[in-house]
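First the structure, in the form of structure tokens, and then the observations on it.
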Amino acid sequence: MTDTASPQRKGDLADAAATLPTQYAPAQVEEKLYERWVRAGYFEADAKSDRPPHTIVIPPPNVNGSLHIGHALDMTLQDAITRRKRMQGFEALWLPGMDHAGIATQNAVEKEIAKEGLSRHDLGREAFVERVWQWKGEYGGRILNQMRRLGASVDWTRERFTFDEGLSRAVQTIFKRLYDDDLIYRAERIINWCPRCMTALSDIEVDHHEDEGELVSIRYGDDAQSIVVATTRAETMLGDTAVAVHPDDERYKHLVGTEIEIPFTGRRVPIVADRHVDPEFGTGAVKVTPAHDPNDFEIGQRHGLPSLLIMDERGTITAHGPFQGLDRFEARPAVVAALREEGRVVAEKRPYLHAVGHCSRCDTVVEPRLSLQWWVKVGPLAAEASAAVRDGRVRIHPKELEPRYFAWTDNLLDWCISRQLWWGHRIPVWYGPNGEMVCVGPDEEPPGDGWIQDPDVLDTWFSSGLWPFSTLGWPDDTEDLRKFYPTSVLVTGYDILFFWVVRMMLFGLYAMKDRGPAQSVPFRTVSLHGLVRDKFGRKMSKSRGNGVDPLEWMDAYGSDAVRFTLARGANPGADLATSEEWAQGSRNFCNKIWNATRFALMNGAAPAAPPAREALNAADRWILSRLTAVTAEVDAYMEDYQHAKACEALYHFAWDEVFDWYVELAKGPLARGGAEADTTRAVLGHVLDVTLRLLHPYIPYVTEELWLALHAGGESDGESSGESGSASIVVAAWPTADGSRRDPEAEAEIAALQQAVTEVRRFRADQGLKVGQKVAATVTLAGRLAAHEAEIRSLARLTEPAEGFAPTATLQTAQATVQLDLSGVIDVAAERARLAKDLAAARKEIAGAEAKLGNEGFLGKAPEAVVEKIRTRLTEAQADVVRISSQLAALPES
RNA sequence: GGGCACAUAGCUCAGCGGUAGAGCGCUGCUCUUACAAAGCAGAGGUCGGCGGUUCGAGACCGUCUGUGCCCACCA
């Protein structure tokens, strides 16, 4: 924390720099800047503007959650995209909001009231929903508040909630439309039932994992006629209404068409032949329970079998008999035991690994159950959704993930949308006293006395599927909808590709179809990122304790550091590993930028249009050339959502080129003063100004703080500041590459200089010389390097040769020869070893190149540029051998 | 049971037809007129195995092994 500037120098410091401490302290700038940005209205999009729109709707976080590292990644990327577009002059809208998250939130509140010894049924529907709203008010805004911390440039005036009034109207509208188009229907089917949540679940809300089951073989029938079936769910036999065998199975052919008695029930059921049965599996005979198994249900349909429900909503056996009242998992062993008693267990239980469905919310084993539910007929909608990607109206990025998308759109089964919950959009259907049914639109009065509304609510993904247009005011034809739909890009993790992205495609294309094919898509591009993992690439989990709290990192290292860490790891569609050390590294980077800018300010640099070429020295021309190249590179990467690449390019340019070389090279001219120093100040100011603007989308806070300081002192130049002047980097112009500044000549020149300096430094390091230890040397330069002796001497810490100068070592690069007097210092043995190594490397090089050039196939087919490169390499290596050999010979005896 | 990825430096990952890269970590040196959250220099990979295509292959093809993920109603 010590300020190393000497007292005399301090007086020369620019005012702005004097106020900057030697370390960047995020806590002191973040809140202040965010408030200023919001107050200035920079994040508010104007639907009336004539700028081209750029729209992102946030994947709405669940109200019941708090910011986790995955959110932080998602939001950082969206913010970076939005900030760049805003700087480019787009009318950039990033719309924030939350999801009511039906089942998840209901569970959370149920858990809370359970602490008071209450269930939702104790409260009753209305009071319970009231309670959830209350809870939402209390905890709901947490993530949104955390977004502010992160620096998210969202338009707070447009914040939405999937359960707010407007969105509820959108839900009702689309339900009605789909209903009228026969794309929503009510039917009795086998659904996934969670006996704990007591609701139906859609297929994607069920997680299958391998569970250890027990397969037991049971004999049905009596001595006269019997058949053996195998099952893992013995209790379901109480609901069996048939036994099925394969039609070609010779073992059972004679039994088909006969009847057999189901134990305990006294029920006689038919033996049917069905192709679904696999004769190879188990005994080749299957018990058929149409009400509790999806396959069996289909067999039942094919053979006109009755369906018997034998469990209630809680999974308790309701079938009359000895097992009534038992839980399904108590009933299973009880049934097996009773069967054994009767001598019906033919083969004892054997362990059997099979996939069992679990509720994705509470992990309870899902019970397939025949039930009357509401469905979306997805076929026609999915065909559209598939076509939109196939014909390029919607681009999935990275493309490698397209097959996963098609795997869904091309195989989607009808979607069960009704849930037996209380927290959600109520199904807008009313039932009349005589079994009539009417679907009520948003502006219609519900029917009167004697009619009751369907008690169920809609799947939470039903409302979030409308998000890209419901948030913009649909079903009304609003200015926002006209201006900002279709949205530009959807940024989300690949893990909700089918939960959410597919739903938005289905609904968007349907609801907006009157706009025509190109304009109805919910987004032009889907940019998918991966999951954040720990430093070893492992999934983060509570039980493993390897999770990361982004807030903790923000506290410790600043928001920018967290953002940069995440963005830098974000390769399209790929998971990223992260750890605290990386956040530290990013923090260090921010600090480095801080200090480089601080140096510039201390030397009076200010953003200005860089002087004409003739006024510039080689270093200036080099860095401006590189700046142009990097600007183009970063711009292209960002346009293609390649954040990791963009960040890497910026990191290396800023640190390795600007800070480590240009700033060092600038010190000479700045110290010498005069016009030369003015030029350097202008170039340095310009380079930093552009670099800060390029970095701003990823690290908004530190760049703003420094950019303001940089503009506080000097003249603002129109090009760098953009039309909004120097009020904020948020609205400064996004840099464009100035092709006229490309300068291969200067790049080659500085590369040669770097090579020479590095060679000397390496030599010094090998000899164990201290930085402060002066070494006399002659420096002989050729070609482009001719004018750079002063820089080389300064950067390599070489002094002029004095009397009695006696060189003991020679260093040579392509355009520089440095002879050093190291009498008394040099470690001859080490030097000899080093040279021997270099010599061996050069000889290997020659051998490789000669082999290639002697290869006729190579000469015949390789492009001329490649051949030329190898020739050059050969020539250089040959020269190296000569040089090194002579150096070896010149070394004194040890 | 299907499908899709991935196997490159100690760790996490880029590179995807022309002499192996980054960050972190590691080693050595250094308070050098912005920064020790720094500077300088360095060590460390026969790019999972085996075949093939090619003048040339981490890179393309085949195959094997290993790992991960997604989907799936086999009782």
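Within every chain, numbering begins at 1; the chains are lettered A, B, ... in the order of the sequence lines, protein sequences first and strands thereafter.
- Only the C1' atoms considered, rG56(B) is 33 Å distant from rG68(B), to the nearest whole Å.
- Taking atom P in both rC40(B) and rA22(B), the straight-line distance is 14 Å, to the nearest Å.
- Between the side chain of Q23(A) and the base of rA34(B) there is no donor-acceptor pair of N/O atoms closer than 3.5 Å.
- Applying the 3.5 Å distance criterion, the base of rA41(B) shares no donor-acceptor pair with the side chain of R761(A).
- K667(A) forms a cation-pi arrangement with F599(A), by the criterion of a distance under 6.0 Å to the ring centre and an angle within 45° of the ring axis.
- Taking 4.0 angstrom as the limit, N588(A) places a side-chain polar atom (N or O) nearer than this to OP1 or OP2 of rA38(B).
- A cation-pi contact, defined as under 6.0 Å to the ring centre and within 45° of the axis, is absent between R404(A) and F498(A).
- In this structure, P26(A) and G857(A) both approach RNA chain B, and ranking their closest nucleotides by distance from the 5' end singles out P26(A).
- Between the P atom of rA38(B) and the CZ atom of R598(A) lies a distance of 15 Å, rounded to the nearest Å.
- The interatomic distance linking K861(A) (NZ) with rG17(B) (P) rounds to 18 Å, in whole Å.
- R404(A) has no side-chain polar atom (N or O) that falls below the 4.0 Å cut-off from OP1 or OP2 of rG3(B).
- Salt-bridge check for D293(A) with R233(A): passed, with a basic side-chain N closer than 4.0 Å to an acidic carboxylate O.
- With C1' as the reference atom, rA14(B) and rA20(B) are 12 Å apart, rounded to whole Å.
- Taking the C1' atoms as reference points, rA7(B) lies 33 Å from rA41(B), given to the whole Å.
- Judged by Watson-Crick or G-U wobble contacts below 3.5 Å, the nucleotide rC50(B) has rG62(B) as its partner.
- rG58(B) takes the syn form, because its glycosidic angle lies no more than 90° either side of 0.
- Comparing rC74(B) with rG18(B), their P atoms are spaced 46 Å from each other, to the whole Å.
- Across all strands shown, rA41(B) pairs with rU27(B); the Watson-Crick or G-U wobble distances both stay below 3.5 Å.
- If you take atom P in rU8(B) and the same atom in rC47(B), they sit 11 Å apart, rounded to whole Å.
- Mapped onto RNA chain B by nearest heavy atom, K770(A) and D575(A) fall at different nucleotides, with D575(A) at the one closer to the 5' end.
- Across rA9(B) and rG48(B), the matching P atoms stand 8 Å from one another, rounded to whole Å.
- Checked against the 6.0 Å centroid criterion, the rings of W655(A) and Y651(A) qualify as a close aromatic pair.
- rG44(B) and rG10(B) have their P atoms separated by 11 Å, given to the nearest Å.
- Under a cutoff of 6.0 Å and an axis angle of 45°, R761(A) and W661(A) form a cation-pi pair.
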